[in-house]
Amino acid sequence: MSNAQTVTPELRRWIVEQAQAGHPPQSVLQAMLASGWREDVAIEALEATLEQHLDADAVQRGLPPAVPVPEPDLAESPLHLDAGDRRVHVLNAMFNPRVVVFGNLLSADECEALIEAAKPRLARSLTVETRTGGQEVNDDRTSSGMFFTRGEFDVVRRIEERIAKLVNWPVENGEGLQILHYRPGAEYKPHYDYFDPAEPGTPTILKRGGQRVATLVMYLREPEKGGGTTFPDIHMEVAPVRGNAVFFSYERPHPTTRTLHGGAPVIAGEKWIATKWLREREFS
Ligand code: PD2
Ligand code: ZN
């Protein structure tokens with residue numbers, strides 16, 4: 001192997017061969033270090049090569065290709081992240097699927113401001129109807145809701161900028177904030193947030209900014225019991241604590257992302273949330 005610290009096609013081929021021969025990434029890394037590769041270059045080359053290889057494999061099996069997704073900077077496992085105007089707490093982080101629980105994302109005043117501005121505009125929640133690209137009342141979603149337009153007023157704008165900084169994704173790629181209100185018994189049955197490529201209405205929906213690639217559910221008012229955000233594939237439930245949020249990303253519109261999630265029925269009290277969906281490109 002060459003000692004030049006540039007990653008050549010030969011090196012990539014060799015990495016893939018090692019993986020195919022069943023050598024774990026840690027042993028491949030050790031072999032690279034032993035032949036003089038700098039650790040940072042070796043790790044980067046390994047990660048990028050294996051990721052590309054897995055994606056090519058997935059596409060060959062008929063899956064949609066993976067695309068870049070928003071990602072908070074958790075490389076050094078920080079306890080806090082600087083989101084511009086606020087220090088956000090990192091409470092929990094999972095890699096596969098990428099699910100991160102944040103604390104202290106919103107102040108109590110911000111939560112109340114969103115709820116009060118939304119109240120006069122609430123209607124029974126609609127979901128995007130992927131058969132036609134329109135909207136429909138959906139029995140799986142028994143909450144009421146509304147959308148603000150992006151940057152509609154100062155609190156919305158401030159929160160959108162905070163989110164953009166937190167997950168390193170342009171404000172312009174975000175849909176308008178959606179506010180949802182769940183009374184006792186209301187729920188949102190498990191679903192994926194991306195648009196199903198097999199549905200005939202999806203190409204129309206994708207004209208505005210491409211696919212959804214990540215979701216941030218922010219808890220504005222907490223119920224007394226129930227109302228957690230559930231992830232059935234990973235047996236996880238996030239408690240809907242006011243000011244906290246759960247972030248998850250999905251690099252392809254496919255169940256292999258294991259991002260199936262739902263809003264569990266509220267058992268006592270009421271739950272209010274704000275959802276920010278992030279698209280691949282500018283959403284206009
Ligand atoms: O209210 C929730 O916890 C929830 C669960 C699943 C919200 C959404 N999805 C959503 O807004 O997409
Ligand atoms: Zn959802």
Side-chain angles (χ1 to χ4, degrees), residues 69-70 91-92 94 97-103 105-106 111 114-115 118 122-130 135-148 150 156 159-160 163 167 174-196 199 202 205 211-250 253-255 257-279 283:
V69 297
L91 301 182
N92 205 334
M94 177 176 276
R98 188 46 141 171
V99 180
V100 182
V101 180
F102 294 114
L105 177 62
L106 303 179
C111 293
L114 291 179
I115 291 171
L122 286 183
R124 173 78 191 271
S125 292
L126 301 174
T127 44
V128 177
E129 216 257 303
T130 43
Q135 295 208 316
E136 63 177 1
V137 170
N138 183 338
D139 281 339
D140 287 349
R141 195 182 201 187
T142 46
S143 53
S144 335
M146 55 79 66
F147 277 91
F148 291 118
R150 205 172 53 226
V156 167
I159 294 170
E160 287 173 339
I163 295 169
V167 302
E175 295 182 28
L177 272 185
Q178 181 198 232
I179 308 296
L180 286 185
H181 176 210
Y182 299 78
R183 290 200 161 82
E187 66 180 312
Y188 195 172
K189 297 241 173 78
H191 59 274
Y192 299 97
D193 280 353
Y194 55 74
F195 303 108
D196 183 347
E199 291 288 345
T202 295
I205 296 168
Q211 266 291 358
R212 286 179 176 163
V213 287
T215 304
L216 183 72
V217 175
M218 295 165 273
Y219 305 107
L220 305 180
R221 212 180 264 173
E222 53 191 63
E224 283 143 41
K225 284 186 194 162
T229 303
T230 60
F231 293 84
D233 290 346
I234 54 174
H235 309 286
M236 185 166 96
E237 178 165 341
V238 178
V241 176
R242 183 172 73 174
N244 288 8
V246 59
F247 166 85
F248 52 100
S249 62
Y250 23 99
H254 196 271
T257 56
R258 300 195 299 157
T259 54
L260 185 69
H261 66 286
V266 170
I267 296 170
E270 297 189 0
K271 171 188 171 191
W272 287 80
I273 62 160
T275 303
K276 174 61 94 176
W277 286 294
L278 303 173
R279 297 288 190 107
F283 179 81

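All heavy atoms count here, side chains included; hydrogens, waters and symmetry mates do not. Computed from a prediction, not measured in an experiment: that's the story for all the values here. Counting convention: from 1, in listed order, for ligands and their atoms alike.
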field: Total protein N/O/S atoms whose distance from the Zn ion (ligand 2) is less than 2.8 Å
entry: 3

- prompt: Just by modelled atom types, is the I179 backbone N or O under 3.5 Å from a matching donor or acceptor in the H181 side chain?
  reply: no

- prompt: If every non-hydrogen atom of P240 is compared with every non-hydrogen atom of G226, which pair is closest and at what distance?
  reply: CG-O, 3.9 Å

task: May I have all residue pairs that pass side chain to side chain donor-acceptor pair (under 3.5 Å) and include part of residues 217-227, sequence neighbours excluded?
output: E112-R221, Y219-T229

query: Would you say the side-chain atoms of H261 pair up with the backbone N or O of P232, donor to acceptor, closer than 3.5 Å?
result: no

task: Taking R150 for its side chain and G174 for its backbone only, find out whether a donor-acceptor pair lies under 3.5 Å.
output: yes

task: If a pair satisfies salt bridge (Lys or Arg N to Asp or Glu O under 4.0 Å) and one of its residues is in residues 260-276, list it, with sequence neighbours excluded.
output: E160-K276

task: Assign the ring pair F102 / F247 to parallel, tilted or perpendicular, where the plane angle (0 to 90°) is split at 30° and 60°.
output: tilted

query: Is the backbone N or O of D193 less than 3.5 Å from a side-chain atom of R212, with the two atoms forming a donor-acceptor pair by type?
result: yes

- prompt: Nearest heavy-atom pair of L278 and P70: which atoms, and what distance?
  reply: CD1-CG, 3.7 Å

May I have the N/O to N/O pairs between ligand 1 and the protein that fall below 3.5 Å, each with atom names and distance to one decimal?
{"residue": "ligand 1", "atom": "1 (O)", "partner": "Y182", "partner atom": "OH", "Å": "2.6"}
{"residue": "ligand 1", "atom": "1 (O)", "partner": "K271", "partner atom": "NZ", "Å": "2.8"}
{"residue": "ligand 1", "atom": "3 (O)", "partner": "T229", "partner atom": "OG1", "Å": "2.6"}
{"residue": "ligand 1", "atom": "3 (O)", "partner": "K271", "partner atom": "NZ", "Å": "2.9"}
{"residue": "ligand 1", "atom": "9 (N)", "partner": "H191", "partner atom": "NE2", "Å": "3.2"}
{"residue": "ligand 1", "atom": "9 (N)", "partner": "H261", "partner atom": "NE2", "Å": "3.1"}
{"residue": "ligand 1", "atom": "11 (O)", "partner": "T275", "partner atom": "OG1", "Å": "2.9"}
{"residue": "ligand 1", "atom": "12 (O)", "partner": "D193", "partner atom": "OD1", "Å": "3.3"}
{"residue": "ligand 1", "atom": "12 (O)", "partner": "D193", "partner atom": "OD2", "Å": "3.4"}

